[in-house]
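Please read the structure below before turning to the comments.
Sequential numbering from 1 along the given sequence is applied to the chain's residues.
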Amino acid sequence: MKKFNIIFVGILLSCFLVSFIDSNNLNTPQKRSNIALESIVEDPLPAHNSLDGDTLSFEQLNRYVTDEMIDPIMDCFEKKDPHLFMTKCYSRIVFRLSSNNISSTLYQDFDIKGSVIFIDCSVEMRIADVSVNYTNKTITVRESFRSKDQDYKIYLDDLCKYIAKNGIPK
C-alpha cells in the first residue's frame with residue numbers, strides 16, 4: 001500500500017509540473033476559441049431569407065393568428081361545451097411555430113409555418129398545420145397530410161359545423 005501511495009503522489013506531481021511547462025485546456029481559453037472558430041464553416045443563408053426584408057416578432061404573429069383563427073375556434077368550442085375553458089384542469093388553444101422556424105428570423109414577406117394545438121388538461125392535440133403570410137394577411141390551413149391546403153375561413157366554417165354536430169374531439 002505504501003508503494004501505491006508513493007506512485008500515486010509521483011504521478012500527481014508530474015502532472016502538476018507538466019501543466020506549467022506546456023499549455024493545456026484549463027489556462028488558455030483564447031487558443032481554444034480561435035481553433036474552434038477556424039474550424040467552423042458557416043452555412044450560407046437560405047435563398048428565401050433576405051437581410052433587408054421586414055422582420056416580424058413572434059408576438060405580432062401570435063396576435064394575428066389568435067385574432068383571426070384561435071379566437072373563432074375557441075368560440076366554437078365554448079358553444080358546444082361552455083365549461084371547457086373554466087375547469088380546474090387548464091384547457092387552451094395555442095399557436096406553435098414549426099421546428100424549422102423556431103430559431104430563425106421571421107420575415108413578413110415569407111410563409112411562416114406552425115400548428116394550432118388544443119391542450120386539454122395537459123394533453124396536446126394538433127388541430128391543424130397553418131402557413132401564415134403576414135404581408136398578404138393570409139392563413140392557409142392543412143388539417144392532415146391527406147387533405148389539401150385551404151383558406152382558414154373555409155376551414156373555420158367546416159370545423160364549427162363538425163363540432164356542432166359531433167362534439168369536441170377528444
Side-chain angles (χ1 to χ4, degrees), residues 29 32-170:
R32 283 189 304 136
S33 64
N34 290 341
I35 292 172
L37 289 176
E38 290 172 5
S39 64
I40 293 176
V41 177
E42 292 186 21
D43 291 333
L45 290 174
H48 66 280
N49 285 347
S50 63
L51 295 176
D52 57 344
D54 292 330
T55 60
L56 178 69
S57 70
F58 178 73
E59 289 78 22
Q60 291 172 315
L61 178 68
N62 195 29
R63 174 63 19 218
Y64 174 68
V65 172
T66 300
D67 290 344
E68 295 295 321
M69 192 166 176
I70 292 177
D71 287 345
I73 292 173
M74 287 180 68
D75 291 342
C76 290
F77 279 35
E78 286 177 342
K79 284 179 187 173
K80 188 64 179 176
D81 185 4
H83 303 290
L84 179 66
F85 297 104
M86 294 186 271
T87 59
K88 283 186 177 180
C89 65
Y90 189 58
S91 298
R92 61 192 171 136
I93 299 175
V94 296
F95 172 69
R96 190 173 293 158
L97 288 174
S98 69
S99 58
N100 296 341
N101 289 330
I102 287 177
S103 61
S104 64
T105 305
L106 303 175
Y107 292 99
Q108 292 183 8
D109 299 339
F110 301 107
D111 289 343
I112 302 167
K113 297 189 183 294
S115 297
V116 175
I117 309 286
F118 173 54
I119 303 171
D120 186 26
C121 297
S122 73
V123 176
E124 293 186 4
M125 183 178 77
R126 185 187 62 79
I127 296 176
D129 291 327
V130 296
S131 179
V132 181
N133 190 314
Y134 194 78
T135 302
N136 298 336
K137 300 293 186 193
T138 59
I139 300 175
T140 307
V141 180
R142 186 173 199 150
E143 189 173 11
S144 71
F145 70 94
R146 293 180 295 182
S147 65
K148 296 179 180 178
D149 292 344
Q150 59 184 341
D151 186 52
Y152 75 100
K153 292 177 183 176
I154 297 169
Y155 173 76
L156 288 175
D157 289 340
D158 292 344
L159 181 67
C160 288
K161 288 176 187 174
Y162 176 83
I163 290 173
K165 181 178 178 184
N166 300 321
I168 297 169
K170 298 284 181 180

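Applying the ring-ring contact (aromatic ring centres under 6.0 Å, His included) criterion to F118, with sequence neighbours excluded, gives F77. Evaluation of the salt bridge (Lys or Arg N to Asp or Glu O under 4.0 Å) rule for R96 yields E124 as partners, not counting sequence neighbours. When the salt bridge (Lys or Arg N to Asp or Glu O under 4.0 Å) test is applied to D158, no partner is found at least two apart in sequence or on another chain. E143 meets the side chain to side chain donor-acceptor pair (under 3.5 Å) test with no other residue; sequence neighbours excluded. For D67, the side chain to side chain donor-acceptor pair (under 3.5 Å) partners two or more places apart in sequence, or in a different chain, are R63. Residues forming a side chain to side chain donor-acceptor pair (under 3.5 Å) with S91 (at least two apart in sequence, or on another chain): D120. Taking N133 as the reference, D111 meet the side chain to side chain donor-acceptor pair (under 3.5 Å) condition, with sequence neighbours excluded.
In terms of heavy atoms, V132 sits closest to L61 at CG1-CD1, 3.7 Å. Summarising the geometry of I93 relative to M74, their closest heavy-atom pair is CD1-CG, 3.6 Å, with the distance given to 0.1 Å. Taking every heavy atom of both residues into account, P72 and M69 meet most closely at CD-O, 3.3 Å. Summarising the geometry of Y155 relative to A128, their closest heavy-atom pair is OH-CB, 3.7 Å, with the distance given to 0.1 Å.
A heavy-atom distance below 4.5 Å is found between the side chains of T66 and D71. Y152 places none of its side-chain heavy atoms less than 4.5 Å from the side chain of T140.
Within 6.0 Å of atom NZ in K165, 12 or fewer heavy atoms from other residues, nucleotides or ligands are found, so the atom counts as exposed in its surroundings.
Interatomic distance, CG of L97 versus NZ of K113, reported as 12.5 Å (0.5 Å rounding). Q108 CD to L56 CG: the interatomic distance, rounded to the nearest 0.5 Å, is 5.5 Å. Expressed to the nearest 0.5 Å, how far CD1 of I139 lies from CG of D149 amounts to 13.0 Å.
Screening residues 73-82 for salt bridge (charged side-chain N to carboxylate O under 4.0 Å, His left out), with sequence neighbours left out, gives no hits. Among residue pairs with one or both ends in residues 127-158, none qualify as disulfide (SG to SG under 2.5 Å); sequence neighbours excluded. Applying the ring-ring contact (aromatic ring centres under 6.0 Å, His included) test to pairs two or more places apart or on separate chains, those with a residue in residues 119-139 are Y64-Y134. The disulfide (SG to SG under 2.5 Å) analysis of residues 128-157, with sequence neighbours excluded, yields no pairs. Pairs of residues two or more places apart, or lying in two chains, that qualify as disulfide (SG to SG under 2.5 Å) and include a residue from residues 114-170 are C76-C160, C89-C121.
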Inset, instruction - Carefully, step by step, assess I73 and L156 under the rule side-chain contact (heavy atoms from CB on, under 4.5 Å). - result: CA-CA 7 Å; I73 292 173; L156 288 175; 3.4 Å; yes
